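Right, one structure below, let's go through it.
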Amino acid sequence: MRGLAPLLISLLVLTFATASAQDLRSTKEQELRSAKDYVKRGITRFGRGDIEGALSDYNKALGLNPHFAEALLNRGKARRAVGDLEGAIEDYEKAIDLDPHLASNNRDITQAYTNRGFIRVNELDLDGAIEDFNKAIKFYPSASDSYVKRAEARLIKGDLEAAINDFDKAIFLNPRGASVSLAYAGRGFTRMLQGKDEEAKKDFDKSIKLNTEGKIFLELHLRILDAQIKELKRRRAETQQKVA
C-alpha cells in the first residue's frame, strides 16, 4: 500500500494540473469571446453614430484582451471620429504590430496618417509630414490624395523634382478624382518655380477646367502654398543668423 501512495499523489497532481490548464484555456477562450462580443456591439454602435458607446465597448474588449488587434483597429477609428488623431494612430500602430495584415489597403489607417501629415504641413514640420504621408501611401498605395499632400510638402521644402514625381503619380492614379485639380495646380506652380512657364500654364488650364470649386479656390490654395514657402525661407534665414 505504501508503494501506491506516491503513485496516487502523482495522479492527483497530474489530474489537478490538467484540469487547471483546461480551466485556464476555457477562461481565455471565454474572455476572447466576450471581447469579440464587445467589438461586435461597438461596430454596431459606431455605425449608428453612437461614437462614445462604441469607444466604451472597445475599451471593455481591450480590458479583457489587450492584444486584440481588431479592437485596437476599431477603437482607432472611433478615436479619429472624435478628433483624437494621436490616439487613433497609436491604436493603429499597435494593431499593425499585432496583425500586419490589418494594414493592407486600409483606408482608415491611411486617412489618419494623411490627416496628421496635413496638420504637420501647416506647422511646417515638413519632415514629420512626409514621414506620415510615406506611411499613408505604404498602407494604401493607390491613395492619390496622399501623393498630392506629400508633393505639396516636398514643394514647400524646396524638393521640386520629388514634388513633380508625386504630382505625376497622383494624376496617373486618379485622373478624374477630386484631388486631380489640385495635383495639376500644384504641378503647375512647381513648374513655374522651375522656370517652365509654358508647361506651367498648361497645368493651370487643366486644373481650372477640372476644378468644380472654381478658379478662386485654386488661387487661394496656391497663395497658401506660396505663403508657406516664404515662411519656411524666413525661418531658415533666421536660424542661420542665430548660428552665425
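These numbers come from a predicted model, not from an experiment. Keep in mind that the numbers below use all heavy atoms, side chains included, and drop hydrogens, waters and symmetry copies.
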Nearest-0.5 Å distance, [atom1] of residue [X] to [atom2] of residue [Y]:
X      : Y      : atom1 : atom2 : result
Ile229 : Leu124 : CD1   : CG    : 10.5 Å
Ser142 : Arg107 : OG    : CZ    : 6.5 Å
Ser179 : Asp145 : OG    : CG    : 4.0 Å
Ile130 : Asp159 : CD1   : CG    : 7.5 Å
Glu93  : Lys135 : CD    : NZ    : 4.5 Å
Lys149 : Ile137 : NZ    : CD1   : 12.5 Å

Side chain to side chain donor-acceptor pair (under 3.5 Å) involving [X] - partner list, sequence neighbours excluded:
X      : value
Lys201 : Asp205
Asp50  : none
Asp97  : none
Glu231 : Arg234, Arg235

Do [X] and [Y] share a hydrophobic cluster (ILVMFWY, side-chain heavy atoms under 4.5 Å, transitive)?
X      : Y      : answer
Leu126 : Leu225 : yes
Leu193 : Val148 : no
Leu85  : Ile96  : yes
Met192 : Ile156 : yes

ring-ring contact (aromatic ring centres under 6.0 Å, His included) contacts touching residues 162-191 (sequence neighbours left out): none
Give every residue pair that meets the ring-ring contact (aromatic ring centres under 6.0 Å, His included) criterion with at least one member in residues 107-156, sequence neighbours excluded. Tyr113-Phe139
With sequence neighbours left out, the residues meeting side chain to side chain contact (heavy atoms under 4.5 Å, CB included) with Lys196 are Arg191, Gln194, Glu199
The side chain to side chain contact (heavy atoms under 4.5 Å, CB included) partners of Ala54 (sequence neighbours excluded) come to Arg45, Phe46, Tyr58
Determine, step by step, whether Leu160 and Leu155 satisfy the side-chain contact (heavy atoms from CB on, under 4.5 Å) criterion, reporting the C-alpha distance in whole Å, the side-chain angles of both residues, the deciding distance to 0.1 Å, and the verdict. CA-CA 5 Å; Leu160 302 186; Leu155 166 60; 3.7 Å; yes
Set of residues satisfying salt bridge (charged side-chain N to carboxylate O under 4.0 Å, His left out) with respect to Asp226, sequence neighbours excluded: Lys230
For Lys233, check salt bridge (charged side-chain N to carboxylate O under 4.0 Å, His left out) against everything at least two apart and list the hits. none
Min side-chain heavy-atom separation [X]-[Y] under 4.5 Å:
X      : Y      : answer
Glu152 : His221 : yes
Arg116 : Glu86  : yes
Asn105 : Pro141 : yes
Leu218 : Ser181 : yes

Residue pairs fulfilling salt bridge (charged side-chain N to carboxylate O under 4.0 Å, His left out) with at least one residue in residues 117-127, sequence neighbours excluded: Arg120-Asp125, Arg120-Asp132, Asp127-Lys157
Within the distance-only criterion (no hydrogens, no angle test), does the side chain of [X] pair as donor or acceptor with the backbone N or O of [Y] below 3.5 angstrom?
X      : Y      : result
Asn106 : Leu102 : yes
Thr110 : Ala136 : yes
Ser56  : Glu52  : no
Ser104 : Pro100 : no

Please report the shortest heavy-atom distance between [X] and [Y], naming the atom on each side.
X      : Y      : answer
Val121 : Ala129 : CG2-CB, 3.5 Å
Ala183 : Ile171 : CB-CG1, 3.7 Å
Ala81  : Ile51  : CB-CG2, 4.2 Å
Gly42  : Asp57  : N-OD2, 3.5 Å
Leu72  : Ala95  : CB-CB, 3.9 Å
Ile89  : Ala112 : CD1-O, 3.9 Å

Near Lys202 NZ, under 6.0 Å, is it more than 12 heavy atoms from other residues, nucleotides or ligands? no
What pairs of donor and acceptor atoms, side-chain ones from residues 73-80 against any protein atom, are under 3.5 angstrom apart with sequence neighbours left out?
residue: Asn74; atom: ND2; partner: Glu70; partner atom: O; Å: 2.8
residue: Arg75; atom: NE; partner: Asp91; partner atom: OD2; Å: 2.7
residue: Arg75; atom: NH1; partner: Asn59; partner atom: OD1; Å: 2.9
residue: Arg75; atom: NH2; partner: Asp91; partner atom: OD1; Å: 2.8
residue: Arg79; atom: NH1; partner: Gly87; partner atom: O; Å: 3.2
residue: Arg79; atom: NH1; partner: Asp91; partner atom: OD1; Å: 3.4
residue: Arg79; atom: NH1; partner: Asp91; partner atom: OD2; Å: 3.3
residue: Arg80; atom: NH2; partner: Gln111; partner atom: OE1; Å: 3.1

Check the pair Lys169, Arg150 against side-chain contact (heavy atoms from CB on, under 4.5 Å), reporting the backbone distance first and the verdict last. CA-CA 11 Å; Lys169 187 69 174 180; Arg150 189 173 71 178; over 6 Å; no
